[in-house]
Number of protein chains: 2
Amino acid sequence: MQFSKSTGYALHTLIHLAQAERGRYVGIKELASKQGLPESYLSKIMSKLRQDGIVRAVTGASGGYELARPGSEITFYDVISVVEGRQQMYECHAANEHQHELFAEADASGCECLVKKVMDGAERQMLDYLKQHTIQGVLDAASFSCSPEHRA
Amino acid sequence: MQFSKSTGYALHTLIHLAQAERGRYVGIKELASKQGLPESYLSKIMSKLRQDGIVRAVTGASGGYELARPGSEITFYDVISVVEGRQQMYECHAANEHQHELFAEADASGCECLVKKVMDGAERQMLDYLKQHTIQGVLDAASFSCSPEHRA
DNA sequence: CCTATTATAGACATAAGATATCCATAATAA
DNA sequence: TTATTATGGATATCTTATGTCTATAATAGG
């Protein structure tokens, strides 16, 4: 039950891009070396982010990546859905025919597995929170909470 | 980013135990067959739950398992922590020496990685929700939402 | 005491997914 | 034309989840 490393890589990379001056394309070398991780691997993650419209990519000399929209419009949820995939966190694997009758009345009444109901509720709490936090939000928090005044 | 099947097995099993009459020990055969899953595997999960004080076990003929405390005092959180382990869902793997200065001032000022801060917040939302839901709560919801009156 | 039953623990096997590497190709700027 | 850079596919490695098997210990009942 852990987020993959890829998720962390993606988030840190997007923050890096959000800090780059607008119009400049940042290459995979710079992005990877800043975090001390393999370029080829980060490439794949960036490729996903591009296919999902979170970043734009330009091939060729002086090419690279840039955010496809402002950091204030890229939520943690957006990023995580792409990298982790969109399956739900809980799947009920109990064999229906053996499962207790209380939890297996889906077709008749719409009464689904109540364990799943709770688990889905928990997931929703987390996702809602992630939807409320953006890449830009982290940068704003950083300039505040790490400012000399705040730290003094 | 999925809960393991083991978590589902554990939750369904505990609900089964909560429904058994008090003082009766339910054996692994019954618990496993109800869900259509291998006994040896469920054994291991039950063993963990016992070591963590969620169920009691009795060996020998007519032995088996029972809840160690009322279902109203066993939260989803309790169960999931045991089965999934207690590590946090997000670990920051960015190499500190390469990471952007904004997020690597932990020792000096207590200003930790702000990505992690958001991710930990998200996790907390989910765990709080899971702490508010109990095994007994599911049974109560079942007798209500699946009752003939409600379904009519 | 003997036997059947049941949980426990460890070793082992298998499958799946995450992480990573490598290479050939396409696109682009200079 | 050349150097640079992203892309995509194939492959390798490592870890974790899942599942199986066996020997052992504990207990109830005869």
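Side chains are part of it too, since the values below use all heavy atoms of this structure and drop only hydrogens, waters and symmetry mates.
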Please output the side-chain donor-acceptor pairs of residues 124-133 of chain B that fall under 3.5 Å, not counting sequence neighbours, one pair per line with the distance.
from	atom 1	to	atom 2	distance (Å)
Arg124(B)	NH1	Asp128(B)	OD1	3.1
His133(B)	ND1	Tyr129(B)	O	2.9

- Heavy-atom contact window of chain A on DNA chain C, given 5' to 3' at under 4.0 Å: dT19(C) to dA29(C)
- Quick one: side-chain hydrogen bond (donor to acceptor under 3.5 Å, both in side chains) partners of Thr134(A), sequence neighbours excluded? none
- Item | Listed partners of Glu84(B) passing side-chain hydrogen bond (donor to acceptor under 3.5 Å, both in side chains), at least two apart | Ser4(B), Thr7(B)
- Item | Ile28(A) and Tyr65(A): CA distance, side-chain angles, deciding distance, side-chain contact (heavy atoms from CB on, under 4.5 Å) verdict | CA-CA 8 Å; Ile28(A) 199 75; Tyr65(A) 301 92; 3.9 Å; yes
- Task: Nearest whole angstrom, please: distance from the C1' of dT27(D) to the CZ of Arg56(B).
- Result: 17 Å
- Message: Without decimals, in angstroms, what is the distance between Tyr41(B) OH and dT18(D) C1'?
- Response: 5 Å
- Quick one: is Tyr25(B) getting a side-chain N or O under 4.0 Å of the dA26(D) phosphate, OP1 or OP2? no
- OP1 or OP2 of dA17(D) under 4.0 Å from side-chain N/O of Ser6(B): no
- Pairs flagged by salt bridge (Lys or Arg N to Asp or Glu O under 4.0 Å) wherever residues 51-60 of chain A is involved - sequence neighbours left out: Asp52(A)-Arg86(A), Arg56(A)-Glu66(A)
- Sugar-phosphate, base or nothing in reach of Tyr9(A), heavy atoms under 4.0 Å: sugar-phosphate
Output side-chain donor-acceptor pairs under 3.5 Å for residues 40-50 of chain B, partner residues at least two apart or in another chain, one line each.
from	atom 1	to	atom 2	distance (Å)
Tyr41(B)	OH	Ser6(B)	OG	2.9
Ser43(B)	OG	Glu39(B)	O	3.1

- Partner set under side chain to side chain contact (heavy atoms under 4.5 Å, CB included) for Ser62(B), not counting sequence neighbours: none
- Message: Output one letter per nucleotide in nucleotides 3-11 of chain D: B when a protein non-hydrogen atom lies under 4.0 Å from the base, S when only the sugar-phosphate is that close, - when neither is.
- Response: -BBBBBBB-
- Message: Using the salt bridge (charged side-chain N to carboxylate O under 4.0 Å, His left out) criterion, which residues pair with Glu30(B)? Sequence neighbours excluded.
- Response: Arg24(B)
